[in-house]
A.B. asks: 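Have a look at this one.
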Amino acid sequence: MGEPSKLGVGARGLVLGLGCLAVLVPFWAVLMTSIASPEEINSAGGFVLWTNEPTLDSYRAVLSGGIVTRALLVSAGITAVGTALSLVSTIALAYALSRPGTLLQKPILLMTVFTLLFNPGIIPMYLTVKQLGLLDSYLALILPVLVNAFNVIVMRAFFQGIPGELRESAYIDGAGELRILLRIVLPLSKAVVAVIGLFYAVAYWNAFFSAMLYLQSSEKWPLQLVLRTYVVNNTPIGADQLSSNLENLPPQISVQMAILVISVLPILFIYPFIQKHFAKGLMVGAVKG
Amino acid sequence: MAPTFSRRRVLALGAATGLAPLLGACGDGSPSSPNSSNSSTGPVKLPTYKPVTAATPDLAAEPAGVSPGYFTYPASSSAASQPVRGEAVTALTYTYDPIAPALGSNPYWQNLNSKLGTELKLTYVASTDYKSKVATTIAGGDLPDMVAIQGVVQQMPAMLKAAFTDLTEYLSGDAVLAYPNLAALPTDAWRSTVYDQRIWGVPVPRARIGTVLYTRADLLDKAGLSLQPESWAEFKEMAAALTDERAGRWAFGQIPFTTILEMNGITGNWPGGAGVWQAEGGVFTHSGTTPQFTQALADTVELVKSGVVHPDHAGAPNTKRNAWMLAGTTSFTIGGYAGWGKFYGQAKDVPGFRLTGMLSPTRDGKGTRVRTPGPTLSSFTAVAKTDNAERIKQILKVLDWLCAPFGSSEYLALRYGVEGQTFTRDGSDPALTEAGRSQVFLPVRYLAEASPVIYEPGNRQAVQDQHDHQVAGVPLAVADPTLGRYSETAASKAASEQQELDAVLLEIQLGNKPVSAWQPAIQKFMDRVGDKIKAEYEEQS
């Protein structure tokens, strides 16, 4: 192939540039609307693309009282602890299911796959959580979703792709199963662990429904549930209901955009650090099922 | 996140609808027949109505159903009622507000508890999640003392009977007078707490006026238009005069279908089909089957075609419509009455902003106008099943306390908290402080509250306009004949049929289907569920 023509490069640049704009402009609008003044929002009738009088009122409204800050810590804690526990359990189960000769391998695998097909539904889950005495406890947000069958299967497939000879030679050198897992298998599986870890982390970070069901005291609420009360609820001026206390708040749309920024930021910060694994991990199972 | 959400919603709905039969089954074993009107007790005697006022209103609560108006907060508060005492009371409710700080960092809540004389322990979730929360809590069998019941679910009478206390002996007739603030709740609101001729809870009342055709009076004045057109022809002229597509201005933010229905002499809320039943001499008719409805549809299509509705109206959320209204992009929006005050809060920066409500004229400018009344209540608060009469009385006293009237010191504690801490005075008007604002988000008002009043601090005109609209509109309201009646078919089977009907309606309104598509659609609805609902209602006459 020869040098691309200037026109070709220009055209490609333009297309890529437009593509980037299509992604960035909405983000920009969200950011600008969250800091725009009420007059600007009123005159634009919605989203604002540029503000001359930036104000942090919306952020102040959302962050005042310390509820959101607290919820942010709760969410971070649940995400960190949950992801760690989930990874440990998933790796252990996937490894056991991937190596030949595990006791009761077939039935355990079937049971795992079964949960993929049949969901227990809300009320049986609630009753189980209640009878385990987990109501109003953070564990209720982690234990019921500790192991995700889909993630187990993906990880098992990856482990199975590691040549059996590696395991055997370590075995001959005197390594036990735990050592093989920690020293041979896991170092070879960084990509899949990163991806599955991200799946778990995002799920824990975004979960609000289980928190809504299982946590009675609102001071334990994670971020998404707290933010939800701002976004979902104060929408309807003019619904049959009244949330009169919002009269003095900044415009709703501005508050909502501030919330969007707050809830998106943490994930945005984490992403660059695991991105290199992510691109690789996505190929997992693409060739080998 | 979106796919997860929708899956969960589906599950939630499944749970909510799957739950009730289960409860019925684990009740007292006798198959409850919700439609039986031949209850041995006969029609229940509703609580005696006896208004209480802590302060004389500036604008009287007349005619019946109109809310009293206050220009300023009454300076002198009446003496506080007796605190309740006794052990802590737990409650489950919903909220339309953001979350409030927890008890430990919420002086407003602490003050409420100390005034109340007992600890109020509140669990609450966002209104959209409430159905799933209630369903799981009831299924778990571990109910708090008080539970807000919102909407009608299937097997409602059986569910109430299985899990909640029959409050009839405490509230029926003159018995309610032991709780003076509860006796001041409107009779129509109590009617919606009755199932199988028993009273199951204390209503959270709503203003009778209902949905309002909000009008930017300042824009109409500027265009030299009357704030009250007198006929369909005049209404259309007004809409055309307010529309200027080139300048990006339209009359309406959504299709004013309810208004057009009312012009044609019928009531009802669409989509959803609430309040669409008419009754005469015990015979129920679905307004969708009447020729007036078809006429209203034809009128709507004509109006939409004339281009006076904002082109992005379909699918626009309320926030968007309200923003159009504030920006003057549209001159009208339709919304619940409760939002009136909020518009003023958001329109502080709009010069000359004035909001009025428009009544629906009659089509030919003659005859009587009609109006669709609002829901009588937002929810009612039921008491978990118990035989302990003392406990029930204590809980009712708490609810009574929460219903303290505007102007009383309890009301001040309920809405504004502690003077100097959560609110300060601007003249006699209380104004929440920065800290107070989030503390009062505690949703006690969705457990019980007094009948609404009109009060817009520092905005006399707004109070006057709202009161004027109520005085003009409330007497036109056509009472919903299904109030206090229960149809199992409507509660359990009608939802999907109604959705289908709503979809056809929208297609017709948008001009994608001819008006003639309505007859077969409504006929199908009647065949599948409508006739059965009609029979169930008529049976209870």
Side-chain angles (χ1 to χ4, degrees), chain A residues 37-39 41-46 60-62 64-67 70-71 119 121-123 125-127 130 135 202-203 206-209 212-213 216-221 225-230 232-249 251-253 255-256, chain B residues 1 4 8 11-12 14-15 18-19 95-102 105 123-129 132-133 135-136 139-140 142 206 214 317-320 322-324 326-327 329 333-336 338-339 341-346 348-350 374-375 378 432 434-435 437-441:
Chain A
S37 67
E39 297 86 17
I41 288 174
N42 275 344
S43 63
R60 217 166 284 140
V62 174
S64 72
I67 303 172
R70 198 198 144 87
N119 189 303
I122 289 179
I123 289 179
M125 282 287 268
Y126 180 85
L127 294 178
K130 180 171 181 272
L135 282 189
V202 170
N206 284 339
F208 68 89
F209 198 76
M212 188 276 290
L213 287 183
Q216 317 285 11
S217 9
S218 52
E219 70 260 27
K220 290 186 176 166
W221 284 7
L225 193 54
V226 167
L227 295 185
R228 195 172 152 75
T229 63
Y230 285 85
V232 183
N233 286 322
N234 72 47
T235 22
I237 280 189
D240 294 324
Q241 305 305 337
L242 170 63
S243 70
S244 64
N245 304 325
L246 290 169
E247 276 159 36
N248 301 316
L249 282 186
Q252 286 168 322
I253 189 159
V255 171
Q256 290 180 354
Chain B
M1 188 166 160
T4 333
R8 279 173 171 154
L11 282 175
L19 157 80
T95 181
Y96 289 87
D97 291 324
I99 174 182
S105 46
T123 300
Y124 57 99
V125 299
S127 56
T128 34
D129 300 328
S132 329
K133 183 75 179 176
T136 48
D142 202 9
R206 286 293 170 257
Y214 285 111
N318 270 336
T319 33
K320 186 103 204 175
N322 296 332
W324 288 340
L326 292 173
T329 308
T333 192
I334 297 168
K342 252 172 98 179
F343 275 110
Y344 279 103
Q346 304 214 333
K348 272 183 298 211
D349 312 306
V350 181
S378 162
L432 290 167
E434 183 82 30
R437 216 174 284 155
S438 69
Q439 291 171 19
V440 299
F441 283 151

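Keep in mind it's a predicted model, so treat the numbers as computed, not measured. Sequence lines set the chain letters: A, B, ... in the order given, protein chains first and strands last, and positions in each chain run from 1.
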A.B. asks: Look at B/G374, B/A102, B/G140, B/A435 and state which one has the largest set of heavy-atom pairs under 4.5 Å with chain A.
C.D. replies: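 That would be B/G140.
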
A.B. asks: Strictly distance-based, threshold 3.5 Å: is any side-chain N or O of A/Y126 a donor or acceptor partner for the main-chain N or O of A/G121?
C.D. replies: no

A.B. asks: Distance from A/L227 atom CG to A/I67 atom CD1, nearest 0.5 Å?
C.D. replies: 11.0 Å

A.B. asks: Counting only heavy atoms closer than 4.5 Å, note whether A/L213 contacts chain B via side chain, backbone, both or neither.
C.D. replies: both

A.B. asks: Let me know if B/Y344 has heavy atoms under 4.5 Å from chain A in its side chain, its backbone, both or neither.
C.D. replies: neither

A.B. asks: Counting only heavy atoms closer than 4.5 Å, note whether A/S217 contacts chain B via side chain, backbone, both or neither.
C.D. replies: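 Contact with chain B is absent: no heavy atom of A/S217 under 4.5 Å.
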
A.B. asks: Might you work through the side chain to side chain contact (heavy atoms under 4.5 Å, CB included) test for B/F441 and A/T229, ending with a clear yes or no?
C.D. replies: CA-CA 11 Å; B/F441 283 151; A/T229 63; over 6 Å; no

A.B. asks: Kindly indicate, with the supporting measurements, whether the criterion side chain to side chain contact (heavy atoms under 4.5 Å, CB included) is fulfilled by A/R228 and B/T128.
C.D. replies: CA-CA 10 Å; A/R228 195 172 152 75; B/T128 34; 3.5 Å; yes

